[in-house]
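Note sheet for the following structure.
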Amino acid sequence: MEARYCSEVHPMRLSGFALLLLFALPLRAETDPAEEAAIQYLLSQVEQSPCQFVRNGKAYDGEDARAHIERKYRYILGKGHTLNAEAFIEHAASESSFTGRDYQIQCPQQPAEPSADWLNRQLQQYRAAHP
């Protein structure tokens with residue numbers, strides 16, 4: 001008897017494989033447009049302010065700070081989480097994921113403060129102007 005190999009993929013195996021791929025791919029979360037606008041405002045404030053962003057003891061300018069925070073934000077969204085502006089501050093812009101140390105904002109002629117405090121004030125100003 002001759003051995004025969006089938007080159008066709010069984011439909012059930014294909015659908016199982018397709019499901020595996022579907023669940024293995026990262027989810028993309030959609031943030032509420034009003035919250036996304038507030039988050040983008042906060043990112044722009046970080047980038048445009050004359051303050052330095054201190055992460056794990058090293059100071060970064062606004063452009064580098066924004067890039068870092070935005071990477072963390074996109075990572076969180078890629079995991080399927082949605083964030084409002086407050087959660088964005090808490091999870092992406094207030095502490096190091098590696099060391100757990102608070103991020104700081106150091107503005108000219110002012111003492112350093114936790115970035116969460118500074119960002120929450122910026123958010124309050126934004127929300128007051130955009131009810």
Side-chain angles (χ1 to χ4, degrees):
M1 179 177 221
E2 182 179 314
R4 295 170 56 166
Y5 296 97
C6 180
S7 62
E8 294 179 21
V9 176
H10 190 276
M12 289 304 288
R13 286 188 185 156
L14 181 59
S15 64
F17 181 71
L19 284 174
L20 177 63
L21 281 178
L22 177 66
F23 288 113
L25 295 174
L27 300 173
R28 297 298 301 173
E30 293 295 323
T31 302
D32 174 77
E35 293 299 318
E36 182 64 27
I39 291 167
Q40 291 305 313
Y41 172 80
L42 293 173
L43 287 167
S44 71
Q45 290 301 104
V46 167
E47 182 176 21
Q48 296 170 10
S49 85
C51 306
Q52 291 191 314
F53 184 80
V54 182
R55 187 174 87 231
N56 294 321
K58 185 174 178 193
Y60 297 87
D61 67 16
E63 190 176 319
D64 289 337
R66 179 193 176 122
H68 174 76
I69 295 168
E70 197 160 18
R71 271 192 309 275
K72 285 180 71 175
Y73 175 51
R74 297 292 168 214
Y75 176 80
I76 292 166
L77 292 180
K79 292 294 186 182
H81 302 285
T82 58
L83 300 177
N84 62 19
E86 289 83 3
F88 161 77
I89 292 168
E90 180 182 349
H91 298 291
S94 64
E95 72 178 33
S96 170
S97 301
F98 293 111
T99 66
R101 290 173 61 187
D102 285 346
Y103 293 154
Q104 301 285 310
I105 297 285
Q106 175 67 62
C107 295
Q109 281 84 49
Q110 295 181 18
E113 66 177 310
S115 63
D117 295 347
W118 188 87
L119 287 164
N120 278 309
R121 276 197 315 279
Q122 300 300 314
L123 180 58
Q124 287 174 350
Q125 291 172 6
Y126 174 82
R127 292 222 165 115
H130 301 87

(Q) Between Leu119 and Tyr126, is there shared hydrophobic-cluster membership here, with clusters defined by ILVMFWY side-chain heavy atoms closer than 4.5 Å? (A) yes

Q) Going hydrophobic residue to hydrophobic residue with side-chain gaps under 4.5 angstrom, can you get from Ile39 over to Tyr41? A) yes

Q.
With heavy-atom distances below 4.5 Å as the criterion, would you say the side chains of Gln52 and Pro108 are in contact?
A. no

Q | Minimum side-chain heavy-atom gap Ile76-Lys79 below 4.5 Å | A |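 They are not in contact (no side-chain heavy atoms under 4.5 Å apart), so the answer is no.
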
Measuring from [X]:[atom1] to [Y]:[atom2], what's the distance to the nearest 0.5 Å?
X	Y	atom1	atom2	answer
Leu77	Leu83	CG	CG	6.0 Å
His81	His91	NE2	NE2	9.0 Å
Gln106	Glu113	CD	CD	9.0 Å
Ser94	Glu86	OG	CD	12.5 Å
Ile69	Arg74	CD1	CZ	12.5 Å
Glu90	Asn120	CD	CG	9.5 Å

Write down the atom of [X], the atom of [Y], and the distance for their closest heavy-atom approach.
X	Y	answer
Gly57	Arg101	N-NH2, 3.6 Å
Leu43	Arg66	C-NH1, 3.5 Å
Ala128	Pro131	O-CD, 3.9 Å
Ala116	Ile89	CA-CG2, 3.8 Å

Q) If you count the non-hydrogen atoms of other residues, nucleotides and ligands that lie under 6.0 Å from CD in Glu63, is the total more than 12? A) no

Q) Run the side-chain contact (heavy atoms from CB on, under 4.5 Å) check on Leu42 and Leu123 step by step: do they pass? A) CA-CA 7 Å; Leu42 293 173; Leu123 180 58; 4.1 Å; yes

Q: Not counting sequence neighbours, which residues clear ring pair (Phe, Tyr, Trp, His ring centres under 6.0 Å) with Tyr60? List them please.
A: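 Tyr60 satisfies ring pair (Phe, Tyr, Trp, His ring centres under 6.0 Å) with no residue once adjacent residues are dropped.
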
Q) Excluding sequence neighbours, so at least two apart, what forms ring pair (Phe, Tyr, Trp, His ring centres under 6.0 Å) with Tyr103? A)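 Residues passing ring pair (Phe, Tyr, Trp, His ring centres under 6.0 Å) with Tyr103: Phe53, His68.
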
Q) Relative to each other, are the rings of Tyr73 and Phe88 parallel, tilted or perpendicular (30° and 60° limits)? A) perpendicular

Q: Please step through side-chain contact (heavy atoms from CB on, under 4.5 Å) for the pair Glu95 and Ser115, ending with a clear verdict.
A: CA-CA 8 Å; Glu95 72 178 33; Ser115 63; over 6 Å; no

Q: Sort and list the pairs that fulfil disulfide bond (SG atoms under 2.5 Å apart) and have at least one residue in residues 69-131, not counting sequence neighbours.
A: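 Listed by first then second residue: Cys51-Cys107.
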
Q: Run the salt-bridge test on Arg127 and Glu35 with the 4.0 Å N-O cut-off and return the result as yes or no.
A: yes

(Q) The test is side-chain contact (heavy atoms from CB on, under 4.5 Å); show your working for Glu47 and Glu70 and say whether it passes. (A) CA-CA 11 Å; Glu47 182 176 21; Glu70 197 160 18; over 6 Å; no

